[in-house]
Amino acid sequence: MIVCGIESSCDECAVALVEDGTTILGQVVATQTEFHAPFQGVVPEIASRKHTEWILPVYRQALEHAHIDNSQIDAIAVTVEPGLAGSLLVGLSFAKALALTLGVPFVGINHILAHLYAPRFEGPLVYPFLGLLVSGGHTIIARVDDPFDIEILGTTIDDACGEAFDKVAKHLDLGYPGGVVIDRLAADGDDEAFAFPIAPLSSERHRYDVSYSGLKTAVVYQLERFHVRGAVDDMANVAASFQRAAIEMLLGRLFQAVADTGIGRVVVGGGVAANSYLRRRLGEAPQIEARMPAPSLCTDNAAMVAGLGYVALERGITSPLTINASSRVPGFRRPYA
Ligand code: KG4
Ligand code: ZN
């Protein structure tokens, strides 16, 4: 079965053709980064307008890459939640029109569940596992029992992990998106040069949650002190110390979840999953069997949407063409940021 997946929840406009949920026949991921960079963050209106311009050419190019035509598509899967409402609606409306025109089944997909399915393209997933999903929009530690059954254990109470990297990069004047630049700069720095705060949140309710606002403020104060003394060349030390603190905060919560659940299998996803410090630490952790997919499967793409769509359709799950988009998902046990 060939499923056409469509993803437009944030600033990636993506279409993929996937066979039987496991083989990517062709895909295109068109990123809007350059249009948001001047604003140092994703501007929702720009994102929806770009999706409106790009969705049809991206779809046509994905068909070309897959060497198939319209008539070979068996079903349409599209991200319906969570994400930027305007952006989601562009992909969703396009997907509905396509399903109607082609007369094929249609299914709406949750973006978080799709991320947690993405590593399936590199080999079978063994359930249950703990999912660590960290990007510019999400910071999630979840117990995953099945592609459609997850429990959010922890999240952030303020900024998303990638957002913290982006904001610190902004203060360091490193450009946008900042995660990859901080990662590179940190390689030349001493990650113990500054003791930035990584104290766990105190109450039991936040057992697996993180908070980045205190860390971000500490880094900004440190930078201001540097500027006063004119010692700005120590940026690599600041980057390395921040990176260590940001990732250790996350790992502390994750390791707690591993200890509490007895589940050592960990699957990572999201843009921050490309972080070299995170990958090294997870690779070394003795109690963890980490699945760290290629960065192209960690970041937003439509193959994961098509793949999970296939699983849904195999289980007889479809969506009505009246389905709407949601920017947040009230259905999960915990809210997430
Ligand atoms: O998944 P993604 O491409 O887009 C969404 O946010 O949905 O993630 C982008 C985020 C940005 O915040 C970026 O700074 C961060 O992932 N990122 C990194 C690295 N590469 C990307 N953060 C830390 N280290 C990296 N190597
Ligand atoms: Zn995402």
Side-chain angles (χ1 to χ4, degrees), residues 5-14 29-34 36-37 39-44 47 51 79-84 87-88 91 109-119 131-140 142 155-156 159-172 174-187 189 191 212 215-216 239-240 242-251 267-282 292-305 308 327-329 336-337:
I6 295 165
E7 158 64 42
S8 68
S9 65
C10 191
D11 62 339
E12 259 85 42
C13 187
V29 180
T31 181
Q32 306 176 355
T33 306
E34 65 172 298
H36 301 285
F39 306 94
Q40 318 233 30
V42 176
V43 181
H51 285 307
T79 304
V80 293
E81 60 182 21
L84 300 171
S87 292
L88 286 168
I109 291 294
N110 176 290
H111 183 80
I112 306 298
L113 298 184
H115 266 300
L116 294 168
Y117 178 84
L132 177 69
L133 190 52
V134 272
S135 70
H138 326 294
T139 307
I140 290 174
T155 180
T156 174
D159 290 339
C161 184
E163 196 180 357
F165 272 85
D166 293 338
K167 286 182 176 171
V168 165
K170 184 174 170 181
H171 281 283
L172 288 166
L174 297 174
Y176 170 87
V180 67
V181 197
I182 289 192
D183 196 349
R184 214 178 302 134
L185 189 60
D191 65 12
Y212 283 110
L215 172 59
K216 193 182 61 196
F242 159 74
Q243 175 171 275
R244 181 173 68 84
I247 302 298
E248 287 300 339
M249 178 148 34
L250 209 55
L251 291 176
V267 172
V268 300
V272 186
N275 184 265
S276 57
Y277 184 94
L278 174 71
R279 291 176 95 94
R280 188 174 71 246
R281 285 279 283 121
L282 273 178
M292 297 181 273
S296 61
L297 285 175
C298 288
T299 52
D300 287 350
N301 65 85
M304 64 186 189
V305 178
L308 189 59
S327 45
R328 296 207 146 231
V329 187
Y336 44 79

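Both counts, for ligands and for their atoms, begin at 1 and track the order of listing.
Note: Ile6 CD1 to Ile109 CD1 = 12.0 Å, rounded to the nearest 0.5 Å. Rounding to the nearest 0.5 Å gives a distance of 8.0 Å between CD of Glu81 and CG of Leu113. Taken from CG in Leu84 to CG in Asp11, the straight-line distance is 8.0 Å, to the nearest 0.5 Å.
Counting the atoms of ligand 1 from 1 in the order shown, those under 4.0 Å from a heavy atom of Gly162 are 12 (O). Short contacts between ligand 1 and Asp183, defined as distances under 4.0 Å to a heavy atom of the residue, involve ligand atoms 24 (N), 25 (C), 26 (N). Near Asp166, with a cut-off below 4.0 Å to any heavy atom, the atoms of ligand 1 are 11 (C), 12 (O), 13 (C), 14 (O). Ligand-side atoms of ligand 1 in range of Gly136: 5 (C), 6 (O), 8 (O), 9 (C), 10 (C), 12 (O), range being under 4.0 angstrom from any heavy atom. Listed by number with element, the atoms of ligand 1 under 4.0 Å from a non-hydrogen atom of Gly137 are 6 (O). Atoms of ligand 1 found under 4.0 Å from any heavy atom of Ala274, numbered from 1 in the order shown, are 26 (N). In summary, the atoms of ligand 1 found under 4.0 Å from a heavy atom of Thr299, numbered by their order in the structure, are 1 (O), 3 (O).
Taking only non-hydrogen atoms, the option from Gly271, Ala169, Ala160 nearest to atom 20 (N) of ligand 1 is Gly271.
Of all the N, O or S atoms in Asp300, the one closest to the Zn ion (ligand 2) is OD1.
For the residue pair Gln243/Asp191, the side-chain donor-acceptor check at 3.5 Å is not satisfied.
The nearest heavy-atom contact from the protein to atom 24 (N) of ligand 1 is Asn275 ND2, 2.9 Å. With hydrogens left out, the protein atom closest to atom 15 (C) of ligand 1 is Val272 CG2, 3.9 Å, a heavy atom. Of all protein heavy atoms, the one lying nearest to atom 18 (C) of ligand 1 is Gly179 CA, 3.5 Å.
Checking only distances, Asp300 does come within under 3.5 Å of ligand 1, N or O to N or O. Inclusion of Phe165 in the set of residues having an N or O under 3.5 Å from an N or O of ligand 1 is not warranted.
Ring-plane geometry between His138 and His111 is classed as tilted, the angle between the planes lying from 30 to 60 degrees on a 0 to 90 degree scale.
Nearest heavy-atom pair, Arg279 versus Pro293, reported as atom, atom and distance to 0.1 Å: NH2-O, 3.0 Å.
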Which atom pairs, one a donor and one an acceptor, fall under 3.5 Å between side chains of residues 174-187 and the rest of the protein, sequence neighbours left out?
{"residue": "Asp183", "atom": "OD1", "partner": "Ser276", "partner atom": "OG", "Å": "2.5"}
{"residue": "Asp183", "atom": "OD2", "partner": "Ser276", "partner atom": "N", "Å": "2.9"}

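With the Zn ion (ligand 2) as the vertex, NE2 (His115) and NE2 (His111) define an angle of 90°, rounded to 10°.
Of the possible polar contacts, one joining the Thr155 side chain to the Thr139 backbone as a donor-acceptor pair under 3.5 Å is found. The main-chain N or O of Val268 is never found under 3.5 Å from a side-chain atom of His115 such that the two would form a donor-acceptor pair. Looking at Ser8, its side chain does come within 3.5 Å of a backbone N or O of Ser87 through a donor-acceptor pair.
Residue Cys10 places every heavy atom at 4.0 Å or more from ligand 1.
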